[in-house]
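For clarity, every value in this text was computed on a predicted model and none was experimentally measured. Note: hydrogens, waters and symmetry copies are ignored here, and every other heavy atom, side chains too, is used.
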Amino acid sequence: MQFQVTILGTGSATPTLQRNPTAQWITYDNEHFLLDCGEGTQLQILRYKLRLSKLHHIFISHLHGDHYFGLFGLLTSMSLTQRLEPLVIYGPHGLDEIITTHFKYSNTLLTYPLEFRTTNPTQVERILDHPHLTVDTVPLQHRIPCTGFIFREKPRDRNLIRGLVPPEAHPNELIQLKQGKDVLDENGQVKYRFEDLTTPPPTPRSYAFCSDTIYLPELYQYVQEVDLLYHEATFADNLLERAVRTNHSTARQAAQVARDAQVGQLLLGHFSSRYREVDHLLPEAREVFANTFLAEEGHTYAVGINPQSIEHQPF
């Protein structure tokens with residue numbers, strides 16, 4: 001199944017001509033999820049031909065404007081196109097009040113049900129249990145309450161080996177084999193061994209999104225061995241003092257989290273508007289964690305592939 005991340009915005013508080021505020025589009029099979037929604041996100045969605053009709057879940061990390069100011073326009077546009085399907089927004093306390101107040105005074109009546117689910121920035125909790133994946137929160141530390149998110153694929157069934165499975169096997173017996181169970185006959189003897197007729201399923205994949213946060217050494221335990229980690233890298237190492245003062249991280253610090261967590265690959269983002277180009281951040285991070293890449297807007301990153309063979313492809 002397809003599991004990938006499309007980057008819509010890589011900038012920090014102030015948008016620039018080169019970068020948009022934070023937003024990411026997660027695709028898992030035929031399901032789609034939006035992570036943060038900075039100003040201009042709906043234009044990015046249009047630019048990269050993403051389908052809003054497929055979007056049912058939006059996750060907001062915190063209430064700094066560059067992470068949610070795009071919500072008002074996005075939600076309104078979905079209503080103007082006569083959306084009917086429900087939409088769930090997961091975010092910090094107060095987000096529901098902000099949005100409903102805006103719609104109250106703009107006299108906006110949505111054509112679809114909108115549900116808010118409040119996240120807890122102080123602890124790990126499961127906020128979505130989807131048939132094929134789960135979403136858990138990760139406590140971050142910023143100037144205001146902030147939450148990261150981890151998408152984890154659920155273990156899949158084993159694969160039947162074509163040509164080896166007896167044609168007379170019943171559907172229920174095939175289900176048992178795919179679940180890793182031997183099939184027994186009426187006398188309790190092994191009729192079909194699952195190891196003989198199936199192959200192991202792919203290893204479950206995982207993606208962690210850690211937006212605005214000061215460097216947290218303990219963060220590694222929450223994102224341990226994820227396939228792909230996105231971690232903010234607002235500043236270069238020479239602005240470490242400013243990073244600490246503003247509760248942000250440097251590229252090197254992001255790499256330290258990736259190294260300690262033994263992740264498969266690291267994506268850097270949330271770049272300061274002071275940098276027209278950000279190439280200088282990459283060597284600082286790669287000194288600590290080699291499999292580091294700069295997130296690029298409009299590029300899609302597959303979760304769980306060999307970090308050395310990653311392909312950056314516009315959606």
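For Arg252 and Glu284, the salt-bridge test fails: no basic side-chain N is under 4.0 Å from an acidic carboxylate O.
Side-chain rings of His248 and His142 approach one another, their centers coming within less than 6.0 Å.
A cation-pi arrangement is absent between Arg117 and Phe59, since the terminal nitrogen or guanidinium carbon is not both under 6.0 Å from the aromatic centre and inside a 45° cone about the axis.
Of the possible donor and acceptor atoms, one in the side chain of Thr16 sits under 3.5 Å from a partner among the backbone N and O of Arg19. One N or O on the side chain of Ser79 and one on the backbone of Thr111 form a donor-acceptor pair closer than 3.5 Å. In this structure, the side chain of Thr292 does not engage the main chain of Leu266 through any donor-acceptor pair within 3.5 Å. Arg83 places a side-chain N or O within donor-acceptor distance of the main-chain N or O of Pro86, the cut-off being under 3.5 Å. Judged purely by atom type and a 3.5 angstrom limit, Asn187 has no side-chain atom pairing as donor or acceptor with the backbone of Gln189. No donor-acceptor pair under 3.5 Å is formed between the side chain of Ser61 and the backbone N or O of Cys210. Side chain of Glu232 to main chain of Thr213: a donor-acceptor pair is present (N/O by atom type, distance under 3.5 Å, no hydrogens or angles). Remark: side-chain polar atoms of Arg158 are not paired, donor with acceptor, to backbone N or O of Leu177 under 3.5 angstrom. A donor-acceptor pair is defined here as one N or O able to donate and one able to accept, closer than 3.5 Å; no such pair exists between the side chain of Glu31 and the backbone of Tyr28. Not one N or O on the side chain of Arg259 forms a donor-acceptor pair closer than 3.5 Å with the backbone of Phe289.
Relative orientation of the Phe209 and Tyr230 rings is parallel, given thresholds of 30° and 60° on the angle between their planes. Using the six-membered ring where Trp is involved, Phe33 and His130 have ring planes that are perpendicular, over 60° apart on the 30 and 60° scheme. Using cut-offs of 30° and 60° for the angle between ring planes, the Phe72 and His102 rings count as tilted. Taking the six-membered ring where tryptophan is involved, the planes of His67 and His62 are tilted, since the angle between them lies from 30° to 60°. Below 30°, between 30° and 60°, or above 60°: for Tyr301 and His299 the angle between ring planes is between 30° and 60°, a tilted geometry.
Tested against Phe3 for a side-chain contact (heavy atoms from CB on, under 4.5 Å), the candidates Asp227, Ile26, Leu228 yield a single pass: Ile26. When each of Asp136, Ile127, Leu128 is checked for a side-chain contact (heavy atoms from CB on, under 4.5 Å) with Phe149, only Ile127 meets the rule.
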| request: Verify side-chain contact (heavy atoms from CB on, under 4.5 Å) between Thr108 and Leu75, making sure each step is shown before the conclusion. | output: CA-CA 10 Å; Thr108 300; Leu75 298 178; over 6 Å; no
| Residue pair Ile7, Glu296: steps toward the side-chain contact (heavy atoms from CB on, under 4.5 Å) verdict | CA-CA 6 Å; Ile7 305 298; Glu296 299 182 49; over 6 Å; no
| task | Begin with the C-alpha distance, continue with both residues' side-chain angles, and end with the deciding distance and a verdict on side-chain contact (heavy atoms from CB on, under 4.5 Å) for Thr41 and Leu34. | result | CA-CA 10 Å; Thr41 294; Leu34 181 64; 4.2 Å; yes
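In this structure, Leu8 and Ile45 have side chains that are in contact, with non-hydrogen atoms separated by less than 4.5 Å. Two residues are said to be in side-chain contact when any heavy atoms from C-beta on lie closer than 4.5 Å; Pro166 and Leu197 meet this criterion. Between Leu268 and Val278 the shortest side-chain heavy-atom distance does not fall below 4.5 Å.
Other residues, nucleotides and ligands place more than 12 heavy atoms under 6.0 Å from the NE2 atom of His280.
Atom OG1 of Thr22 sits about 10.0 Å away from atom CG of Asn20, to the nearest 0.5 Å. Here CD1 of Ile98 is found 9.5 Å from CZ of Phe116. Values are rounded to the nearest 0.5 Å.
Defined by atom type and a distance below 3.5 Å, a donor-acceptor pair is missing between the side-chain atoms of Thr234 and Ser272. A donor and an acceptor atom, one from each side chain of Thr10 and Glu297, are located under 3.5 Å apart.
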